[in-house]
There are 4 protein chains.
Amino acid sequence: MAGSKYAYVRNFELPDPLLQGTFMVFRLDGHSFHRFSDAHEFNKPNDLRALQLMDHAAQDLMEQYPDITLAFGESDEFSFLIRKSASLYNRRNAKIVSTLTSFFTSSYVFRWTTYFPDTPLKYPPSFDGRIVLYPSEREIRDYFSWRQTDTHINNLYNTVFWTLVQQGGESTTQAHATLKGTVSKEKNEILFSRFNINYNTLDPRFRKGSTIIREEIPEDSQTETSTASDAAPAKHMRSRTKPRTRTVVLHCDIIKDEFWVARNDILSS
Amino acid sequence: MAGSKYAYVRNFELPDPLLQGTFMVFRLDGHSFHRFSDAHEFNKPNDLRALQLMDHAAQDLMEQYPDITLAFGESDEFSFLIRKSASLYNRRNAKIVSTLTSFFTSSYVFRWTTYFPDTPLKYPPSFDGRIVLYPSEREIRDYFSWRQTDTHINNLYNTVFWTLVQQGGESTTQAHATLKGTVSKEKNEILFSRFNINYNTLDPRFRKGSTIIREEIPEDSQTETSTASDAAPAKHMRSRTKPRTRTVVLHCDIIKDEFWVARNDILSS
Amino acid sequence: MAGSKYAYVRNFELPDPLLQGTFMVFRLDGHSFHRFSDAHEFNKPNDLRALQLMDHAAQDLMEQYPDITLAFGESDEFSFLIRKSASLYNRRNAKIVSTLTSFFTSSYVFRWTTYFPDTPLKYPPSFDGRIVLYPSEREIRDYFSWRQTDTHINNLYNTVFWTLVQQGGESTTQAHATLKGTVSKEKNEILFSRFNINYNTLDPRFRKGSTIIREEIPEDSQTETSTASDAAPAKHMRSRTKPRTRTVVLHCDIIKDEFWVARNDILSS
Amino acid sequence: MAGSKYAYVRNFELPDPLLQGTFMVFRLDGHSFHRFSDAHEFNKPNDLRALQLMDHAAQDLMEQYPDITLAFGESDEFSFLIRKSASLYNRRNAKIVSTLTSFFTSSYVFRWTTYFPDTPLKYPPSFDGRIVLYPSEREIRDYFSWRQTDTHINNLYNTVFWTLVQQGGESTTQAHATLKGTVSKEKNEILFSRFNINYNTLDPRFRKGSTIIREEIPEDSQTETSTASDAAPAKHMRSRTKPRTRTVVLHCDIIKDEFWVARNDILSS
């Protein structure tokens, strides 16, 4: 064959299988999203449209990859839990990382106009991805607790910061100085005493991030749910095997046991 | 800090640096593009719009990453040569693979309507990516020879196949049977004797694939070139350091020495 | 500093940490031990001296590395279980594999004359080693079941084979032919009907391999045990932390639950 | 088969091939040799017997592995250059590292009594090993320059230090203080002015380390050389293919070009 004398270059490809029997967490982050959110005038401290777009892309990814049992997102990042027993792409690292990051990115751009009908994309946004392996359920629980704690810390800071700027008339430099060294309690106090805002009553979406799970669709409601799904992009259906399931976005606590006890299929093989 | 007791999960992240002093070849391939091209009614055997879109996304990637010195594409795949001395993202494998695949994908979707103004995207397309390391120039030369030989083999087959179907009235089953076991010479002969087509005079874009290089912009032509660039998406500018360069798409032989001798900066550090 | 301009070559060293929170199994095998056992006239099918020497080297390794909680050996191979929480050499793969293989080899050669006082070493024997990671206890149990099943299969075959040769007067070619295609039951039958040997009453060392565990030394018996230890190389002491422990060689079943239930510290962190 | 239900544990073994077309440098180091040299009363600053034993083990390794084209040793470490084209053990990392470290260790213990006839081994010494890949000849040259520069720096320091102690009557604490902050020139000066020792005339073995190469055996001298080899452990023969070669220990400069220009087979494939 004409190409055969060059085909030896394939032998330089090295295998990169991920250890069997371990949970994979696939996390992606927006690349230079500070600049991207400025260029597209995202609302501060949270842009509802941008967060819903992230959720939608994450749901698309879960529809596409049944091995994903859970997703959690905040700001411009999302984490996906891939079941321990998954043999997705023979557990090849670069294949999984690149394909999932690509699909998420593609969905994000594809659905942009749905969430930003009046804001044309100025340039193509991108994400980076990575996979981390965890051997046990304890570590998975702690991983997601780590991310949700991070959501809380970031959102509290950003909420106070932008309230000081937008309602308190402080410059961004002043607001940083005001917050420097404060602990959570003091941040809550600033919000409450100066702006009469009770942090704990703010939209849980911002305080708790987005948790996406799969939910069974009751047999008799499948037709009507399907219709609902078209209208509400937060609910999608898939029907590979019965029972049919759809992905659902929640904004709830995932640190305490309750969430997990009620959904033990998330961590099962 | 509130999150600190969970932060230990970060320690499960493993380093994945790529060996220094080696060329990296980053190759990406369309994921399920057979289905994608059918769904969006690509022309057979080659869809000029789809190829130009691939080229444009590849040029965008080269604009973004100065460490890429050469790109070669055919069909739904593209290979990028990253210079030996590159310290891009500290040569972390997953970071490079995911970010570059994401950016290319994003550009592809972002620019879709430019090339397919009348064909709305039905769903988000995706790509997979991988990096292969090569220690020496010989292997890089052979890698690109391997890809261009592959372009030739595939395009000759597809050209004859679709001519048999579109002009010869054969079914796809018949066309496969007609071609089974034929060598290049016989395929050329079918084209010529039955359809009066001289394969070697067909558009070199289809026969040779797309090779993208960087080219210096002559000082005095920079303003006008810039204008030209806006009109012709095949030429982009960058100006990080002088001399300013732009990427240029060629459809030429890259197997013989001539291409490389004239451009020895491609393989230099 | 004089050497500094060359020191950059250190940067080519790549990190190779093993995933945290997983059990490591370190297995080593004799390199070309068929030739080695012939050259040193090992008894067939089992050479007690050679097996005891292997056990002793394995015990030395366990004395040296407290993170090893269990070892299992047969013929010229030994497997070591390293606890999940071990931070030995920062879990660097090459460091652990090379150091442990080296130490075992060294002990084997060092103690050779103790077990082969009349057989001088003709040349230096060597071993290869590898580490395999296992995320859960189930897999560790199955790993050791796999090795002990292998011991059984090999030893039954070898026992019948050499009995046919040594007592049955068959050539090795004939013995192979006699055994070809036989199942365990038939092999037992040959031993019993032709040679009046009940396989299950043979020395468990040969049938079950060597399992090495750590055992606490009762406080009041430590002095006398120490003396016993000197005489019997199968028992060694260590006293890093109280309670003092020693390694003990067993020849028992490790497939059934009983062994593990009685020693749950083997799998604990 | 009886063991088949456990055999799945083999699937947890991960491949670890080393990139093709690159030089491998295998370096091993004595493990806790400070303690080992004290326990066996090595002479200071250099023990000729210990160095010759290291050389002998290194030669044994080169005899065993024809892919090694060069070795360089100092103190308790040795580096081996494995040719770029080597397919040794299919370039599996753990296999190569463990086997070579094991064989070297074994030879070291095996030959101990030859060099230390009056000093019985007190316990088994061990080594750790690692492989580093280098893509080009420049890096290999710089690697060996790095090691030989290190030899020089260490030996100069140790020579002055022990002269101060052994001939100058200083305590080790005093000697360290005397040398603190001194540059090479000052160390040479101390040796010369206080002890009338010209460092550059000391045995090159100590100043330059041991470089082991392969040398062709002239056809007509093969019989007599063979005899010489038996007497002098520094020369060994091998005859796998003609021309027959033997390994030879040199104590020469390997930083300058001369050594390499005269032996261009060392770096060839």
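So that the names make sense, note that chain A is the first sequence line, chain B the second, and so on, each numbered from 1.
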Between Leu100(A) and chain B, with a heavy-atom cut-off of 4.5 Å, which part of the residue counts as in contact: side chain, backbone, both or neither?
neither

Heavy-atom distances under 4.5 Å only: say whether Ile96(B) touches chain A with side chain, backbone, both or neither.
neither

If we define contacts as heavy-atom pairs under 4.5 Å, which of Asp142(B), Asn93(B), Val183(B) has the most with chain A?
Asp142(B)

Just give me the residue among Leu133(A), Leu121(A), Ile255(A) that pairs up with chain B most often, heavy atom to heavy atom, under 4.5 Å.
Leu121(A)

Contact class of Tyr89(A) relative to chain B, heavy atoms under 4.5 angstrom
side chain

Is it the backbone or the side chain of Val9(B) that comes under 4.5 Å from a heavy atom of chain A, or both, or neither?
both

Between Arg147(B) and Glu77(B), does any side-chain N to carboxylate O distance fall below 4.0 Å?
yes

I need the residue from Ser107(B), Ser106(B), Gly129(B) with the largest number of non-hydrogen atom pairs under 4.5 Å to chain A.
Ser106(B)

Tell me whether the guanidinium CZ or amine NZ of Arg141(B) lies under 6.0 angstrom from the six-membered ring centre of Tyr6(A) and within 45° of its axis.
no

Side-chain H-bond candidate by donor/acceptor type, Thr105(A) with Ser102(B), under 3.5 Å:
yes

Walk me through it: do Arg83(B) and Asp67(B) pass the test salt bridge (Lys or Arg N to Asp or Glu O under 4.0 Å)?
CA-CA 6 Å; Arg83(B) 68 173 79 251; Asp67(B) 283 323; 3.7 Å; yes

Segment of Leu14(A) engaging chain B (4.5 angstrom heavy-atom cut-off):
neither

Any cation-pi pair here, Arg111(A) with Phe116(A), using under 6.0 Å and within 45°?
no

What's the separation between atom CE in Met62(B) and atom OG1 in Thr247(B), rounded to the nearest 0.5 Å?
6.0 Å

Quick one: of Phe103(B), Tyr143(B), Tyr134(B), who has the most non-hydrogen atom pairs under 4.5 Å with chain A?
Tyr134(B)

Going by an N to O cut-off under 4.0 Å, is there a salt bridge joining Asp16(A) and Arg92(A)?
no

